2 protein chains.
Amino acid sequence: MPHVNLVSTYPGITGLLQDYPESGAPIRDLTQFLLRGPNTLTEGERELIASVVCVGNECQFCSNAHVVTAARYVGSVEAVHNVLQNPFGGQVDDRIAHLLRISAAVRTGGIVPDDMVEDARKAGATDVELHDTVLIAALFSLYNRYVDGLATDLPQDSSYYDALADRLTTTGYASPGQQHATH
Amino acid sequence: MPHVNLVSTYPGITGLLQDYPESGAPIRDLTQFLLRGPNTLTEGERELIASVVCVGNECQFCSNAHVVTAARYVGSVEAVHNVLQNPFGGQVDDRIAHLLRISAAVRTGGIVPDDMVEDARKAGATDVELHDTVLIAALFSLYNRYVDGLATDLPQDSSYYDALADRLTTTGYASPGQQHATH
């Protein structure tokens, strides 16, 4: 049972964004811009950054949501977990592997070491890609704490995550008024 | 030197929000609503929640910014540090002390224990106060990672934080176009 009463019956972040729309709107806008806006990082690569943080933080709702969503781009949930466990295993190019390494460092907090950034640059990462990687990882550090800090419910059925991935890979993170909600 | 080139010469978060306005705008909007919007928590109490997270995460820019800002409401920087070190020491009422304890738990991550929430409720905390406490603590978990993840500069002079506190206690967190910037 969540720590606060929610009118919405939606699990995880969905109920919070719906019941608290004044904070929900800028959170959705920021996420839509960072994860679905024009970017030299693909949507799938940005979902992998999100997944590094959610899985590392053991946020069950967020991990399932973003691993299942990343899987739509990467091929399978197993493939996503393989990338997260071994970013330099050849499934993604080295530039992305270095950005995933930076994402993991942002998750734990503190100043990201110079050499991590230098390595990513040598592999081709740009300033904007470095910026967006850090901010996406920071954003999911917020999400995980919001979702678990209030002990939100998990979905009753794991098919929920598939329906969520349907939405996140099509209409994206925009607020319900701006999209055709699937749930 | 920051990990990414910035046109802005402003230190800490300020340069990032200015150079990356498309992500900066929703971050400012969310912060303005949560920290300065209508609320049964005072602006000072909300700055204490921010300070718990920034100080706990040892984010030097953010800690100075929010401790100095909280001090405008609480009386002095020393008084802020006293509250953070001993929330139940009588400087703030028990309801706020319990919310600061929850903020510290959100900072470290994971599911906030039921008993912490129950204790806060018994001391008078409402659903919205619990929600806002968790989300403010989550937001500053984002800020600290954004600021330190990109190794942003510190101000050259500590008077910067006083000028920043002047702004944050008057025009607040709104974007520069919506305020009279003091720097």
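What you see is a predicted model, and the numbers here were worked out from it, not measured in a lab.
- The residue among B/T108, B/N57, B/N5 with the most heavy atom pairs within less than 4.5 Å of chain A is B/N5.
- In this structure, the portions of A/Y146 lying under 4.5 Å from any heavy atom of chain B include both its backbone and its side chain.
- Scanning all heavy atoms of the two residues, the minimum distance from B/D127 to A/H3 falls at OD1-O, 4.4 Å.
- Scanning both residues, A/L139 and B/L142, for their nearest heavy atoms gives CA-CD1, 3.6 Å.
- Closest approach of B/A151 to A/I111, counting heavy atoms only: CB-CG2, 4.0 Å.
- With a threshold of 4.5 angstrom between heavy atoms, A/V128 approaches chain B through its backbone and through its side chain.
- Contact of B/D19 with chain A is not made at all, since no heavy-atom distance falls under 4.5 Å.
- Linking ILVMFWY residues whenever their side-chain heavy atoms come closer than 4.5 Å, directly or via other members, places A/Y160 and A/L154 in the same cluster.
- Within 6.0 Å of atom CG in B/D115, more than 12 heavy atoms from other residues, nucleotides or ligands are found, so the atom counts as buried in its surroundings.
- Looking only at distances, a side-chain donor or acceptor of A/R145 sits under 3.5 Å from a matching main-chain atom of B/R107.
- Within a 6.0 Å radius of CD in A/E43, other residues, nucleotides and ligands contribute more than 12 heavy atoms.
- When every heavy atom of A/S23 is checked against every heavy atom of B/H131, the shortest pair comes out as OG-CE1, 3.9 Å.
- For a residue to count as touching a neighbouring chain, one of its non-hydrogen atoms must lie under 4.5 Å from one of that chain's; by this rule A/V134 touches chain B with the side chain only.
- For the pair A/L150 and B/L130, the tightest heavy-atom approach, listed with the atom from each and the gap, is CD2-O, 4.2 Å.
- B/E58 does not touch chain A: none of its heavy atoms, backbone or side chain, sits under 4.5 Å away.
- At a 4.5 Å heavy-atom cutoff, the contact between B/V112 and chain A is made by backbone and side-chain atoms alike.
- When heavy atoms are compared at a cutoff of 4.5 Å, B/Y143 does not approach chain A at all.
- Of the listed residues (A/L16, A/L34, A/I27, A/N144), the one with the most heavy-atom contacts under 4.5 Å to chain B is A/I27.
- By the neighbour-count criterion of 12 heavy atoms within 6.0 Å, atom CD of B/Q60 is sparsely surrounded, having that number or fewer from other residues, nucleotides or ligands.
- When heavy atoms are compared at a cutoff of 4.5 Å, A/P2 does not approach chain B at all.
- Contacts with chain B were tallied for A/T126, A/T152, A/V106; A/V106 has the most, counting heavy-atom pairs under 4.5 Å.
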